[in-house]
Amino acid sequence: MKKILVTGGTGFIGSHTVVSLIERGYHPVIIDNLDNSCRTVLDRVERICKVRPTFIEADVRDASALDAIFSEHDFECVIHFSGLKAVGESVEKPMRYYSNNVEGSIALLKAMRKHECWKLVFSSSSTVYGDPEQVPITESAKLSVTNPYGQTKLMVENILRDLSHADQRWKFTLLRYFNPVGAHESGLIGEDPNGIPNNLMPYIAQVAVGRLESLRVWGNDYDTPDGTGVRDYIHVVDLAEAHINALEHFKPSHGCRAYNIGTGEGYSVLDMVKAFEQASGQRVPYSIEARRAGDVATSYADAGLSAKEIGWAAQRGLAEIMRDQWNWQHNNPNGYTEQ
Ligand code: NAD
Ligand code: UDP
């Protein structure tokens, strides 16, 4: 059975990918410091898959922990999710972000080189496109970032591109996620943000379940059909499967390749509110507020290259996203924390 090292594997996207890996016959080994996740995820994955994933609690910046893991296991590939992702916090605490996301990636790459493991799938983000000049966004669009979180993603992308030029043994696939949402259809794993969510979907879900009072819609004066921001929302299980496609499509002359992981469809904030109300049967009250600093009007992917080169395309639409988001929220009103 091929072993895959999954950094950040108890997190939102990591846990869904661990399930997909097990279902596709791989043996995932997770390293996570539980900074933004918890051990309950392992119990839930075990309930879904009937297999408990191997888990090591460690920081990816810990060179000796990495050395021990790579000495014990022979990995086919690494999928690198670990890192911090809150844009606002990254502005206030940039060093925390550069350290976790950039230093962490460098420590991982050093361990990989030492142990001759040359393939890595990296969690990048559509944030590397900044305010896009045109939509849908293709992988060749100009890269520009507006906050330290985005900088860390672009810096790691650049490090990987440089390494692949310097040594052709390296093979890197950069997956640029658009907006990951939804949950596993079992309702056992999903997104469990700390505190008040920043992102739209968990916020809507917490309003519907009665944890939050009302959604604040950040601006209705954008140049979009209803004036609210338009995004490409991708079901997290589709996103998880993109990682399996990525690791099964490394070519002999691979170098460093980037792929958009989105549906190619854009939906507005109000489209999302309506669709969630329909799926849940709950009302989601909202108020229109001023624009949020740093937001762009419209962002959605051209996902043609990932279909062509790694054979991946989203299979789930808005109806499945809303059904699974509600199922997760309804069954786990307090996330992984027991009542
Ligand atoms: P998450 O916070 O749920 O998962 C990240 C995991 O990494 C957590 O379990 C956390 O405990 C762990 N971690 C953080 N720092 C670590 C360290 N130094 N050592 C070991 N473990 C560490 O986030 P997610 O939504 O699953 O995101 C996964 C990756 O995808 C991140 O790199 C994120 O930047 C990227 N991404 C996420 C989104 C999104 O909207 N969720 C969009 C684009 C890109
Ligand atoms: N949004 C909103 N209210 C919220 C959170 C988000 O109106 O409480 C809007 C936001 O302005 C953007 C869209 O929802 O147009 C998606 O925002 P999110 O933070 O989920 O993702 P990102 O900004 O990273 O694309």
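The figures here come from the full heavy-atom set of this structure, side chains too, leaving out hydrogens, waters and symmetry mates. Read the numbers this way: they start at 1 and go in the same order the structure lists the ligands and their atoms.
- Heavy atoms of Lys153 found under 4.0 angstrom from ligand 1 belong exclusively to the side chain.
- The single protein non-hydrogen atom nearest to atom 17 (C) of ligand 1 is Asn33 ND2, 3.3 Å, given as residue, atom name and distance.
- For ligand 2, the polar-atom distance check against Leu200 finds a nitrogen or oxygen pair separated by under 3.5 Å.
- In terms of polar-atom proximity, defined here as any N/O pair under 3.5 Å, Ile13 does make such a contact with ligand 1.
- Inclusion of Asp35 in the set of residues having an N or O under 3.5 Å from an N or O of ligand 1 is warranted.
- Taking a cut-off of under 4.0 Å to the non-hydrogen atoms of Asn179, the atoms of ligand 2 that pass are 21 (O), 22 (P), 25 (O).
- Aromatic rings of Phe172 and His254 (six-membered ring for Trp) have centroids beyond the 6.0 Å cut-off, not under it.
- Taking the six-membered ring wherever Trp is involved, the centroid distance between the rings of His243 and Tyr177 falls below 6.0 Å.
- Ligand 1 lies less than 4.0 angstrom from a heavy atom belonging to Pro180.
- Distance from atom 23 (O) of ligand 2 to its nearest protein heavy atom, with residue and atom name: Arg292 NH2, 3.0 Å.
- Within the listing of ligand 2, atoms 13 (C), 16 (C) sit less than 4.0 angstrom from a heavy atom of Tyr233.
- The distance from ligand 2 to the heavy atoms of Arg231 drops below 4.0 Å at these ligand atoms: 12 (C), 15 (O), 16 (C), 22 (P), 23 (O), 25 (O).
- Regarding atom 2 (O) of ligand 1, its nearest protein heavy-atom neighbour is Asn36 ND2, 2.7 Å.
- Close approach to Asn198 involves these atoms of ligand 2, each under 4.0 Å from a residue heavy atom: 5 (C), 19 (O).
- With hydrogens left out, the protein atom closest to atom 33 (C) of ligand 1 is Tyr149 OH, 3.7 Å, a heavy atom.
- Checking only distances, Tyr203 never comes within under 3.5 Å of ligand 2, N or O to N or O.
- The contact set between ligand 2 and Val217, taken as ligand atoms under 4.0 Å from a residue heavy atom, comprises 7 (O).
- Closest to atom 41 (N) of ligand 1, if we only count protein heavy atoms, is Lys85 NZ, 3.7 Å.
- Protein heavy atom closest to atom 18 (P) of ligand 2, with residue, atom name and distance, is Asn199 ND2, 3.5 Å.
- Of the protein's non-hydrogen atoms, the one nearest atom 3 (O) of ligand 1 is Phe12 N, 2.8 Å.
- Between Tyr233 and Tyr267, a ring centre-to-centre spacing not shorter than 6.0 Å is recorded.
- Of the protein's heavy atoms, Val60 N, 2.9 Å lies nearest to atom 19 (N) of ligand 1.
- Considering backbone and side-chain atoms alike, Ile31 places every N or O at 3.5 Å or more from each N or O of ligand 1.
- Of all the heavy atoms of Ser126, none lies under 4.0 Å from any atom of ligand 1, so neither backbone nor side chain is involved.
- Closest protein heavy atom to atom 18 (N) of ligand 1: Asn100 OD1, 2.7 Å.
- The closest approach between a heavy atom of Ala58 and any atom of ligand 1 is below 4.0 Å.
- Atom OH of Tyr286 and atom OG of Ser214 lie 10.0 Å apart (nearest 0.5 Å).
- Phe81 O, 3.2 Å is the protein heavy atom nearest to atom 29 (C) of ligand 1.
- Residue contacts with ligand 1 for Asp32 involve both N, CA, C or O and side-chain atoms from C-beta outward (heavy atoms, distance under 4.0 Å).
- The distance from the CG atom of Leu188 to the OG1 atom of Thr40 is 12.0 Å, given to the nearest 0.5 Å.
- Proximity of Arg216 to ligand 2, defined as any heavy-atom pair under 4.0 Å, is confined to the backbone N, CA, C and O atoms.
- The protein heavy atom nearest to atom 10 (C) of ligand 2 is Asp295 OD2, 3.4 Å.
- Only the backbone of Leu34 comes within 4.0 Å of ligand 1, counting heavy atoms alone; no side-chain atom from C-beta on gets that close.
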